[in-house]
Structure formats: C-alpha cells, structure tokens
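Reviewing the structure listed below.
Please read these numbers as outputs of a predicted model, since none were measured by experiment. Worth knowing before you read on, the calculation uses all heavy atoms, side chains too, and leaves out hydrogens, waters and symmetry mates. Sequence positions, counted from 1, serve as the residue numbers for this chain.
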Amino acid sequence: MKCPFCFYGESKVIDSRPTDEGAKIRRRRECLSCEKRFTSYEVVETAPIMVVKKDKTRQSFDRGKLLGGLMRACEKRSISVAELEETVDAIQTEILNTMDREVPSSKIGELAMEQLKGIDEVAYVRFASVYREFKDVNSFMDELKDILKARK
C-alpha cells in the first residue's frame, strides 16, 4: 500500500476492524518511511455486474457513476455524502442479491428512485425528471401528484 503523503511503497497495519456490517475492513496504517498514518478500506471483490443500457450496450457497473447521479439530484439539499454512499451500498447490495450478472439500467434507476423517495422528496423529483425524461409539465405534475397521494 503506497503512502498517500510520500508515496513510499511499504506500510504497516496498526489496527484492523470490520465496518458496514462486515462488508469492508478498515485498516489504520503507518508509513515505514515518513511515519505518517492513514486509513485504507478493503472490500470483498465480487464478480462484475454488467449494466444493460437502453440501447442494449453493456458496461460494467460503476458505483461512482451512480453516486454522481445521486449527488447531482441532492445538490443544495441537506443530505450528507455518507448518507448517499449508504444509499449506493444498499442499491449495490440489492443488485448483488438478485444473483443476476446483468442488470438493466432501468432497474438501477428504479432502485435509486425508491431509495431517494425515502430520503428527500425534492431529490427524488430531480432524479426522476432526468431518469424518466419528462417530456412536458403535465408528466412532471403527474409525478408530483403521486407523491402528494402517498403522503396522505
């Protein structure tokens, strides 16, 4: 593990502990050269998930891309990055639990909207407006009416 400060290639592990219900291992490390400490996370490597796009092309699942889309929907809202990362973790776990190696992008979008609906309604509507490609104000209003019905 390279030191992020001096880029030396050797470090020693000072402390290890499981995080995220054992899904990750957090390690505190100390550089053997500059003696600064840093944290690394280890994640179990799984078989790659392929996303089937609308045009039938395939690409590997990129959690960073999903996180970026959620962050854009949550701009200027009081939602922490940690909460969004937990949301991405939940979506990724649900996809992995299906045991399918190919997942339609529409399924990922629906899972993201389902999660956002419980976190922040404004972020949900923003994400839905891009994801569902609202053609006009009426389709946008229909979505808002559904949210209001669900509240009651």
Side-chain angles (χ1 to χ4, degrees), residues 1-5 7 9-31 37-135 139-140 142-151:
M1 174 74 50
K2 278 189 178 180
C3 172
F5 304 105
F7 304 106
E10 300 287 324
S11 64
K12 69 179 178 180
V13 176
I14 297 169
D15 179 44
S16 290
R17 66 178 69 165
T19 60
D20 296 334
E21 289 107 37
K24 297 178 186 174
I25 297 174
R26 177 185 181 271
R27 298 198 192 278
R28 281 297 286 160
R29 297 176 177 269
E30 184 177 296
C31 176
R37 293 183 176 191
F38 59 97
T39 303
S40 66
Y41 291 90
E42 292 181 15
V43 181
V44 174
E45 191 172 15
T46 58
I49 301 167
M50 297 304 290
V51 178
V52 181
K53 312 275 284 172
K54 288 178 186 176
D55 64 0
K56 304 294 183 217
T57 60
R58 286 165 173 70
Q59 66 184 106
S60 56
F61 176 76
D62 181 0
R63 62 177 280 117
K65 198 170 179 182
L66 178 58
L67 180 62
L70 294 175
M71 288 175 83
R72 278 189 299 281
C74 296
E75 267 181 19
K76 297 183 183 176
R77 306 295 298 161
S78 60
I79 300 163
S80 69
V81 173
E83 192 172 0
L84 292 177
E85 286 177 345
E86 288 173 18
T87 301
V88 172
D89 287 342
I91 293 167
Q92 189 171 9
T93 300
E94 191 160 338
I95 292 168
L96 288 170
N97 288 341
T98 64
M99 300 301 284
D100 292 334
R101 293 296 125 218
E102 289 190 347
V103 180
S105 60
S106 59
K107 175 71 175 166
I108 296 170
E110 291 298 327
L111 290 171
M113 288 194 324
E114 188 178 301
Q115 292 284 328
L116 279 176
K117 196 178 248 187
I119 295 172
D120 186 278
E121 290 174 341
V122 173
Y124 164 78
V125 171
R126 286 178 178 172
F127 190 89
S129 69
V130 173
Y131 172 71
R132 291 206 173 130
E133 299 174 347
F134 293 145
K135 301 294 182 217
S139 56
F140 191 78
D142 291 340
E143 191 68 36
L144 292 175
K145 287 175 187 172
D146 289 343
I147 291 172
L148 292 173
K149 280 183 195 174
R151 264 193 192 173

(request) Tell me, with the steps shown, if K24 and E42 meet salt bridge (Lys or Arg N to Asp or Glu O under 4.0 Å). (result) CA-CA 5 Å; K24 297 178 186 174; E42 292 181 15; over 6 Å; no
(request) Could you walk me through whether E85 and M71 pass the side chain to side chain contact (heavy atoms under 4.5 Å, CB included) test, one step at a time? (result) CA-CA 10 Å; E85 286 177 345; M71 288 175 83; over 6 Å; no
(message) Apply side chain to side chain contact (heavy atoms under 4.5 Å, CB included) to residues R126 and R77 and explain how you reach the verdict.
(response) CA-CA 11 Å; R126 286 178 178 172; R77 306 295 298 161; 3.8 Å; yes
(message) Test side chain to side chain contact (heavy atoms under 4.5 Å, CB included) on Y41 and I25; report intermediate values, then the result.
(response) CA-CA 5 Å; Y41 291 90; I25 297 174; over 6 Å; no
(request) Please lay out, stage by stage, how R58 and V51 fare under the test side chain to side chain contact (heavy atoms under 4.5 Å, CB included). (result) CA-CA 5 Å; R58 286 165 173 70; V51 178; over 6 Å; no
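Put simply, the side chain of F61 reaches to within 4.5 Å of the side chain of L66, judged on heavy atoms. Counting heavy atoms from C-beta outward, M50 and S60 have side chains that approach closer than 4.5 Å. When side chains are defined from C-beta on, Q115 counts as touching I91, because their heavy atoms get closer than 4.5 Å. Between C74 and L116 the shortest side-chain heavy-atom distance falls below 4.5 Å. Side-chain atoms of L70 and F127, non-hydrogen and from C-beta on, do get closer than 4.5 Å to each other. Counting heavy atoms from C-beta on, the side chains of D89 and R63 come closer than 4.5 Å. M1 places none of its side-chain heavy atoms less than 4.5 Å from the side chain of R27.
The side chain to side chain contact (heavy atoms under 4.5 Å, CB included) test with V103 singles out one residue from V52, L96, I108, and that residue is I108.
The main-chain N or O of A123 is found under 3.5 Å from a side-chain atom of D120 such that the two form a donor-acceptor pair. For T57 (side chain) and K53 (main-chain N/O), no donor-acceptor pair under 3.5 Å exists by modelled atom type. Not a single donor-acceptor pair under 3.5 Å links the side chain of R17 to the backbone N or O of D15. In this structure a side-chain-to-backbone donor-acceptor pair under 3.5 Å is missing from R29 to K2.
Here the OG-CZ distance, from S11 to R37, works out to 12.0 Å after rounding to the nearest 0.5 Å. To the nearest 0.5 Å, atom CD of residue E114 and atom OG1 of residue T87 are 11.5 Å apart. The structure places CD1 of I119 at 9.0 Å from OG of S80, a figure rounded to the nearest 0.5 Å. Expressed to the nearest 0.5 Å, how far CD of E86 lies from OG1 of T93 amounts to 11.5 Å. Atom NZ of K107 sits about 5.5 Å away from atom CD of E94, to the nearest 0.5 Å.
Not counting sequence neighbours, T19 has no partner by the side-chain hydrogen bond (donor to acceptor under 3.5 Å, both in side chains) test. With sequence neighbours left out, K54 forms a salt bridge (Lys or Arg N to Asp or Glu O under 4.0 Å) with E133.
More than 12 heavy atoms of other residues, nucleotides or ligands sit less than 6.0 Å from atom CZ of R26.
Side chain to side chain, T39 and R28 meet the donor-acceptor criterion of an N or O pair below 3.5 Å.
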